[in-house]
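The structure appears right after this line, and notes come after that.
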Protein chains: 2
Amino acid sequence: MSGKLSRETLVPLLAAHVLEHGLNHASLRPLAKAAGTSDRMLIYHFGSKDGLVAALLEYLAEMFAAALDTAFPAGRVASRRDCIEQVLAITAQPAFQPFFRLWWDIVAGCAAGNRAYLDAAGAIMDLLLGWIEAHLPADDPDPAAAARLVLTQIEGAQMLQAVGRGDIPQAGLSALQS
Amino acid sequence: MSGKLSRETLVPLLAAHVLEHGLNHASLRPLAKAAGTSDRMLIYHFGSKDGLVAALLEYLAEMFAAALDTAFPAGRVASRRDCIEQVLAITAQPAFQPFFRLWWDIVAGCAAGNRAYLDAAGAIMDLLLGWIEAHLPADDPDPAAAARLVLTQIEGAQMLQAVGRGDIPQAGLSALQS
DNA sequence: AGCTTTATGTAGCAGGCGCTACAATAGCCT
DNA sequence: AGGCTATTGTAGCGCCTGCTACATAAAGCT
């Protein structure tokens with residue numbers, strides 16, 4: 001076929017397929033076809049399906065972090081509410097939708113007790129918390145608590161968005177102190 | 001083998017199994033065994049697996065509403081923050097855990113575009129929003145917005161709880177006006 | 001009584017699943 | 001050149017999936 005397909009060249013192709021078709025329902029043969037290989041080769045390179053998923057989660061977390069850094073303005077934001085609104089505005093872009101489809105798969109896996117998913121999801125939340133802390137106004141009376149409040153609000157908004165009730169968090173923002 | 005198993009007698013048994021083992025990965029034969037019948041009978045009574053899932057979602061939504069009404073104090077609550085804390089305290093009880101495992105399955109289905117899941121999840125959120133509106137302090141300056149803020153905060157907290165970061169929303173509460 | 005509708009069991013189909021066995025190739029090291 | 005190791009292909013195993021065919025029994029209804 002197209003020459004050498006190593007672990008490293010495979011992962012981005014697999015990740016693209018997973019972003020488009022979901023993670024929980026992804027099975028070896030369609031994945032292999034999407035990457036131009038066989039299920040046999042995926043097992044060979046990653047040992048097992050669990051190994052493949054672990055590699056994918058790691059890669060996708062890096063991808064998400066990179067997308068975050070490039071999509072957001074570098075400076076600090078005017079207020080807590082401003083922070084929430086900016087994050088929601090940018091993650092509402094179509095380019096982020098596949099990430100969220102994947103994200104809710106991962107959360108469901110966490111709730112079902114999947115350890116690998118728990119580790120990956122927790123790390124991503126920590127990352128996001130750090131990003132928010134770095135972008136909130138410097139004069140906030142309690143920056144640590146504010147960042148946690150903002151993160152919770154953002155995640156709640158994204159869940160409600162996912163179930164078609166994005167208007168609820170939007171209307172709730174006016175009840176939040178600046 | 002215990003005589004007549006109608007649609008109505010089947011649904012609670014199936015719901016119990018789904019609450020324990022998840023909805024997305026539930027398949028006909030284990031479900032049938034849990035309900036003391038065969039996959040053939042499930043198809044007969046519900047037409048297809050989709051029909052079965054629809055019936056289960058409807059039943060489980062009613063079940064959740066009932067659990068909500070019995071578990072919560074009837075009166076109003078002292079403050080927005082109080083409302084969040086009380087809801088989180090009660091839904092953190094072990095008895096509610098199976099509901100949440102199911103819930104995140106449903107949210108993942110919504111994000112994947114499943115219409116039946118979207119309808120059920122949206123209805124449940126509307127229900128919860130109504131409950132919050134009825135329990136918030138009567139003297140809130142903007143009750144509608146406050147209820148939406150509180151709901152968003154609660155749902156964000158529950159997602160973070162699901163991925164093992166329950167400490168984040170907890171610490172964020174102190175940044176919320178009373 | 002006869003007949004139609006409803007309910008239930010047994011067997012099986014076609015296909016997808018993760019994974020393995022075995023053999024062959026390809027490329028490097030000496 | 002010869003051998004060793006890393007890689008790749010083909011076939012298939014055993015299991016599970018939703019669902020169907022067909023026969024059977026029970027339960028009204030006339």
Side-chain angles (χ1 to χ4, degrees), chain A residues 1-15 17-18 20-60 102 105-106 108-109 112-117 120, chain B residues 1-15 17-18 20-60 102 105-106 108-109 112-117 120:
Chain A
M1 288 285 184
S2 54
K4 52 192 171 191
L5 292 180
S6 73
R7 219 179 132 103
E8 285 68 30
T9 61
L10 245 20
V11 168
L13 298 171
L14 298 171
H17 182 264
V18 154
E20 191 176 357
H21 297 92
L23 181 57
N24 277 351
H25 293 138
S27 48
L28 288 183
R29 275 177 257 255
L31 277 171
K33 195 153 83 175
T37 332
S38 64
D39 57 331
R40 171 69 186 80
M41 281 301 96
L42 295 184
I43 295 294
Y44 173 75
H45 282 300
F46 300 97
S48 69
K49 193 190 181 182
D50 284 352
L52 192 157
V53 169
L56 278 182
L57 282 183
E58 188 183 337
Y59 177 77
L60 287 163
L102 203 61
D105 265 4
I106 292 172
N114 185 316
R115 197 68 60 98
Y117 282 14
Chain B
M1 284 298 152
S2 54
K4 52 191 170 191
L5 291 182
S6 73
R7 220 178 131 102
E8 284 68 32
T9 61
L10 243 22
V11 167
L13 298 171
L14 297 170
H17 181 265
V18 155
E20 191 176 357
H21 296 93
L23 180 57
N24 276 351
H25 293 137
S27 47
L28 287 182
R29 275 178 257 255
L31 278 171
K33 194 153 85 174
T37 182
S38 66
D39 58 329
R40 171 68 186 79
M41 281 300 97
L42 295 184
I43 295 293
Y44 173 74
H45 281 300
F46 300 97
S48 68
K49 194 191 181 183
D50 284 351
L52 192 158
V53 168
L56 278 181
L57 282 183
E58 187 183 339
Y59 177 78
L60 287 163
L102 202 62
D105 265 6
I106 292 172
N114 185 315
R115 197 69 59 99
Y117 283 13

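Since this is a predicted model, take the numbers as computed values, not measurements. The chains referred to below are lettered A, B, ... by the order of the sequence lines, with proteins before strands, and numbering in each begins at 1.
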| message | Give me each pair satisfying salt bridge (charged side-chain N to carboxylate O under 4.0 Å, His left out) with a member in residues 46-59 of chain A, each pair once, sequence neighbours excluded. | response | none

| field | Rounded distance (Å) that lies between atom C1' of D:dT17 and atom CG of B:Asn24 | value | 15 Å

| request: Fill in the dot-bracket string of DNA chain D, one character per base: . for unpaired, | for a pair to another strand, ( ) or [ ] for pairs within the strand, taking Watson-Crick or G-U pairs under 3.5 Å. | output: ||||||||||||||||||||||||||||||

| field | A:Tyr44 OH - C:dA24 C1' separation (whole Å) | value | 14 Å

| task | Figure out the CD/C1' separation between A:Glu8 and D:dT7, and round it to whole Å. | result | 14 Å

| request: Please report the shortest heavy-atom distance between B:Ala35 and B:Leu13, naming the atom on each side. | output: O-CD1, 3.9 Å

| said: Measuring to OP1 and OP2 of D:dA6, would you say a side-chain N or O of A:His45 lies under 4.0 angstrom away? | reply: no

| request: Can you tell me the distance, in whole Å, between the NE2 atom of B:His25 and the P atom of D:dC16? | output: 15 Å

| query | In chain order, what residues pass the side-chain contact (heavy atoms from CB on, under 4.5 Å) check against A:Ala26, with sequence neighbours excluded? | reply | A:Val18, A:Leu31

| Partner set under salt bridge (charged side-chain N to carboxylate O under 4.0 Å, His left out) for B:Arg29, not counting sequence neighbours | B:Asp39

| To the nearest angstrom, how far is A:Lys33 atom NZ from C:dG16 atom C1'? | 12 Å

| request: List for me each residue that meets side-chain contact (heavy atoms from CB on, under 4.5 Å) alongside A:Ala15, sequence neighbours excluded, and say none if there are none. | output: A:Leu56, A:Tyr59, A:Leu60

| remark: With B for base contact, S for sugar-phosphate-only contact and - for none (protein heavy atoms under 4.0 Å), nucleotides 18-27 of chain D reads BBBBB-----

| query | Does B:Asn114 have any side-chain hydrogen bond (donor to acceptor under 3.5 Å, both in side chains) partners at least two apart in sequence or in another chain, and if so, which? | reply | none

| For B:Ser38, what residues pass the side-chain contact (heavy atoms from CB on, under 4.5 Å) criterion, not counting sequence neighbours? | B:Arg40, B:Met41

| task | Quick one: list whatever passes side-chain contact (heavy atoms from CB on, under 4.5 Å) with A:Ala32, sequence neighbours left out. | result | A:Leu42

